[in-house]
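Below is one structure; the comments refer to it alone.
In what follows, chains are A, B, ... by sequence order, proteins preceding strands, each numbered from 1. Keep in mind that this is a model prediction, so the values were computed, not measured.
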Amino acid sequence: MITRTKYDPKEVEPKWQSQWDADQIYHASDNSSKPNFYNLVMFPYPSGDLHMGHWYNYSPFDAYGRFKRMQGYNVMQPIGFDAFGLPAENAAIKRGIQARTWTLSNIDNMRKQLRAMGAQWDWQREVVTCQPEYYKWTQWLFLQFYKQGLAYRTKAPANWCSSCNTTLANEQVLADNTCERCGSVVIRKEIDQWLLKISSYAERLLDFAEVEDWPEKTITMQRNWIGRSEGAEIRFKAEIAGQQEEIPVFTTRPDTIYGATFFVLAPEHPWVEKITTPEQQAEVEAYVGQARRMTEIERMSSEKEKSGVFTGGYVTNPVSGEKTPVWIADYVLMSYGAGAIMGVPAHDQRDFEFARKFSITIREVIRASDEEPSDPTTWTEAREALGELVNSGPFNGTPAAEAKARVIDYIEEKGIGTRKINYRLRDWLISRQRYWGAPIPIVYCPEHGTVPVPEDQLPVWLPENVQFKATGESPLRYEPDFVNTTCPVCGGPATREADTMDTFIDSSWYYLRYADPHNSEVPWSPEKMQQWLPVNQYVGGIEHAILHLLYARFFIKALHDMGHITFDEPFKRLFHQGMVLGADGQKMSKSRGNVEAPDKYVEKYGTDTVRCYMMFIGPFDAGGSFRAENLEGIWRFLNRVWSLIGESWIDHPNTVETKDSQAIERLRHKTIKRVTEDLKHFHFNTALAGLMEFNNALIKQQHNPVAQSATYQKALQTLLQLLAPFAPHITEELWQQSNHKNSIHTSEWPVYEEELTKDEAFTLVIQLNGKVRERIEVAADISEEEVRTLALNNPRVQSFIGTAKILKVIYVPGKLVNIVVRPA
RNA sequence: GGGGCGAUGGCGGAAUGGUAGACGCAGGAGACUUAAAAUCUCCCGGCUGAAAGGCUGUGAGGGUUCGACUCCCUCUCGCCCCA
């Protein structure tokens, strides 16, 4: 028997948290006889507080990890901090506090909160990306990329956020051309920068054969971002100052080359200057200046009226030999393809609009077989569908699909172009002109140029007490002790690269370090890698679909090719949680005033209630509103579990069973099945509903004789075990109070027998023409014949049938019988 | 503009093509209490009916089917991605 006490989470929760810590029950051993399971959640940025989103994300994630542990896996569930980044630096500027101090004190606070959550974190594996022990290896990885030619420096127009005072990768610029971090408009700025050659992995990144279970949506988003298009690069001829020159264009429709009635250069194209005639110069220069002030998004908008200027120059179509006027227009982007296009107004909508605006000839070169010849000047839009070639010299009559290949063959034969696959994916710009990040380990020597810092000199320490000036350059540039160094090759005076790395580099490999977090010789040992990676289950927000998740895949593929790891995909299974919203159904934000801090509810109800509530809001991938009043329901539920066990647990149950025993045993098996299946599929809300039903059913019987039986007592035990992943503290307390010596979290997950999940009887529904008319209790093994007899002879059913004619009777075993009748 | 996801009581949500609304919140009635809170019992989509029951009902409109929240088509609204 258990002494009856009131459920007090304040007493129960800290007690077990300390006990678990002391017993180290959540540390994943590297030498376990059990199968390993790597359960990973995206690590937090140390903003200082765990907010509602973290709780919403981590609670179900942890329940899943606990479920796997009870199922017999050696679960590794690490946590760490994505600790470099702008907020710390901004705090440093604003409040004169050291970025490092600010970050570490935030981490301390968040550690406390993470512990209070009662999740099974393996603290021995914690990684903090701003610590030299970590960023040393971030720098080491950069050097490996550099050695492979996968890291390079170039001067080119880059995305620049004037508010963050730094460059951004393409992935960090939102569709409306704003900074994904601060929302300011992003401009273009010519600047020296380091890039990683992610584009050379474009094809490999399109291949998802090695992932086990990723949301289709995320795969599609990555594929769209990579943006593969097949076509050809065709070189148009130009005569510049008496010289024969060639200007390449990229096209996905080489079959339409005879329809190219104009040629367009992007305003920034290096050829613009050369090809423009003196008469057109003023107009062209004005247009270029205007285009520069616009964002790519504005330029690409299909709503915007087409604009452009004739350069006065001409190029020669290398296939048709036609002389073609050269225009510049802002709808052609320097960053895509060759920065130049052949304008085929008849078969490309944007070219069509452009030709209309400037009265350029529209020549039809593709015609569907059922189409009559028509005058293209009467068309209202371009005809982008495939058909047969017309007005195309030797290619007339060829189906367009086939013509694509034939035209490409032809240009390759003639040496005027090549087959080409173009990708939208650009190289990853990783230089940040900011302080709080891992320094790029490069030295510039007047003698030896760009020299990588030797590996044995890592880390390149990030200095403290730096001066912040809003110059748009890295603060490190003004730190003489940092910048001034010696050349690793000749020992002469040299300067260090002052930019730091994009923090997405840090997060591209943190999950590798968790497997071997304290290794000071190498970033990870091959054995540990083999043992733990790839990650079995990864949980995190869909906002990283084409940021972190693409970068991490790139890292893994590159490291695989370098021979540092043996696998090709970092995350086997991926799950995106939904977003937790305010009570008004809107995104939580200070400006809306609907932000709720979890801490006060943890204080009031305890961790277990808050955890369970997070899972009960709705489907994990759907997100939902946090409504404080709904916590009451979970609180009552846990209290009912508490009093049920407290009042009903007995050490030595009767061996005598009662008539209700069988029903309880069946419900127990049904509930095990239900909760197990739901947890497997991340359906935490319905799993909890099943546990509530189980609890309610047991409460109904708790004062009946069956409560003394071994069957009932076993059901109580199962209830605790099934609830343990959701509410780890209360279940541990009740488990140990009911005479178990070991932790409930190391107990074995209950198993069910399929046979016992089936009821002996069921409610047979009798329908007439699909409408429910009667319900009767029948035995589970009832025959179809009996069902027909029972249904047709049922008085209520008969009164509905009346004189109607029975057409057929459909029986769905275990469910219902539908009698189809036609009125007489 | 293209593609994807979604819309179910007052609210959050549940339903392998087979009893719509499980589970919970809020609400109502009652029990206990000097009283309140907590707890317990019952009710709770709409219309109708004394009740049994009947009719109706899953954003709107069509379709397939013995049977549609579920599948198909069209539309409206909301969110996301690519333009």
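Judged by Watson-Crick or G-U wobble contacts below 3.5 Å, the nucleotide B:G53 has B:U48 as its partner. Judged by Watson-Crick or G-U wobble contacts below 3.5 Å, the nucleotide B:G1 has B:C82 as its partner. Across all strands shown, B:C66 forms a Watson-Crick or G-U wobble pair with B:G18, both key distances being under 3.5 Å. For B:C75, the paired nucleotide is B:G59, the pair qualifying as Watson-Crick or G-U wobble because both relevant distances are below 3.5 Å. Figure legend. B:G27 is base-paired to B:C43; pairs are counted as Watson-Crick or G-U wobble with both atom distances under 3.5 Å.
Comparing B:G53, B:C23, B:U19 by their closest approach to the side chain of A:Thr763 singles out B:U19. The side chain of A:Arg773 lies closest to B:C55 when the candidates are B:C81, B:C55, B:G12. Across B:C23, B:C66, B:C82, the shortest atom-to-atom separation from the side chain of A:Lys808 is found for B:C66. Among B:G18, B:C23, B:A26, the nucleotide with an atom closest to any side-chain atom of A:Arg636 is B:A26. Looking at the side chain of A:Ile810, the nearest of the listed nucleotides B:G24, B:G18, B:C82 is B:G18. In the set B:C25, B:C81, B:A14, the nucleotide with an atom closest to the side chain of A:Met221 is B:C81. Comparing atom distances between the A:Thr686 side chain and each of B:C55, B:C25, B:A14 picks out B:A14 as nearest.
Regarding A:Ile542, its CD1 atom lies at a distance of 10 Å from the C1' atom of B:C5, rounded to whole Å. In this structure, NE2 of A:His544 is placed 13 Å from P of B:C81, rounded to the nearest angstrom. As a whole-Å value, the separation of A:Lys815 NZ from B:A20 C1' is 13 Å. One interatomic measurement links the two molecules: CZ of A:Arg627 to P of B:G12, which rounds to 6 Å at whole-angstrom precision. Rounded to an integer number of Å, the gap from CD of A:Glu629 to P of B:G24 is 16 Å. If you measure from atom CD of A:Glu774 to atom P of B:A52, you get 14 Å, rounded to the nearest angstrom. Rounded to a whole Å, the NE2 atom of A:His703 is 10 Å from the P atom of B:U41. Regarding A:Asn769, its CG atom lies at a distance of 13 Å from the C1' atom of B:U65, rounded to whole Å.
B:A22 and B:C44 have their C1' atoms separated by 15 Å, with the value rounded to a whole Å. Nucleotides B:U16 and B:G67, compared at atom C1', are 16 Å apart to the nearest Å. Rounded to the nearest Å, the gap between the P atom of B:G59 and that of B:U41 is 34 Å. Between the P atoms of B:C69 and B:G62, the separation comes to 15 Å (whole Å). Separation of the C1' atoms belonging to B:A31 and B:C25 is 23 Å when rounded to the nearest angstrom. Using atom P as the reference point in both B:G78 and B:C73, the two lie 22 Å apart (nearest Å). B:G45 and B:C11 have their P atoms separated by 13 Å, given to the nearest Å. Distance noted for atom C1' between B:A15 and B:A20: 7 Å (whole Å).
Taking the six-membered ring where the residue is Trp, the centroids of A:Trp428 and A:Tyr201 are separated by 6.0 Å or more. Taking the ring centroids of A:Tyr64 and A:Phe684, they lie at or beyond the 6.0 Å cut-off.
Among the protein residues, A:Asn696 comes within range of the sugar-phosphate backbone only, with heavy atoms under 4.0 Å from sugar or phosphate atoms but none that close to a base. A:Ile546 comes within contact range of the sugar-phosphate backbone alone, with a heavy-atom separation under 4.0 Å but no base atom that close. Using a 4.0 Å heavy-atom cutoff across all strands shown, A:Glu216 reaches no nucleic acid atom at all. Within the 4.0 angstrom heavy-atom criterion, only backbone atoms of the sugar-phosphate kind lie near A:Val820; the bases stay farther away. In this structure, A:Leu816 reaches the bases: a heavy-atom distance under 4.0 Å links it to at least one base atom across the strands shown. Nucleic acid contact for A:Val772: sugar-phosphate only, since backbone atoms but no base atoms lie under 4.0 Å from a heavy atom of the residue. Heavy atoms of A:Ser625 sit nowhere under 4.0 angstrom from any nucleic acid atom. No engagement by A:Phe626 is indicated, since no non-hydrogen atom pair under 4.0 Å with the nucleic acid exists. When heavy atoms are screened at a 4.0 angstrom cut-off, A:Arg674 is found touching no nucleic acid atom at all.
In this structure, CD in A:Glu268 is found 9.0 Å from CD1 in A:Ile328, a value given to the nearest 0.5 Å.
Both A:Gly618 and A:Glu693 sit near RNA chain B, but only A:Gly618 has its closest nucleotide nearer the 5' end. Heavy-atom nearest nucleotides on RNA chain B were determined for A:Ile699 and for A:Gly623, and the one closer to the 5' end corresponds to A:Gly623.
Between the side chain of A:Asp759 and the backbone N or O of A:Phe762, no donor-acceptor pair lies under 3.5 Å. Looking only at distances, a side-chain donor or acceptor of A:Asn794 sits under 3.5 Å from a matching main-chain atom of A:Arg796. Distance alone, capped at 3.5 Å, places no donor-acceptor pair between the A:Ser59 side chain and the A:Tyr56 backbone.
Taking the centre and axis of the six-membered ring of A:Phe800, the NZ or CZ atom of A:Arg773 falls inside the cone set by 45° and 6.0 Å.
The ring-ring contact (aromatic ring centres under 6.0 Å, His included) search around A:Tyr423 returns none, not counting sequence neighbours.
One can find a donor-acceptor pair under 3.5 Å joining the base of B:C66 and the side-chain atoms of A:Asn818.
Base orientation at B:G9 is syn, since its O4'-C1' glycosidic dihedral falls within 90° of 0.
Within the 4.0 Å cut-off from OP1 or OP2 of B:U56, at least one side-chain nitrogen or oxygen of A:Lys771 is found. Within the structure, a side-chain polar atom (N or O) of A:Asn685 is placed less than 4.0 Å from OP1 or OP2 of B:A14. Not one side-chain nitrogen or oxygen of A:Lys217 sits closer than 4.0 Å to the OP1 or OP2 atom of B:G4.
When side chains are defined from C-beta on, A:Tyr613 counts as touching A:Phe626, because their heavy atoms get closer than 4.5 Å.
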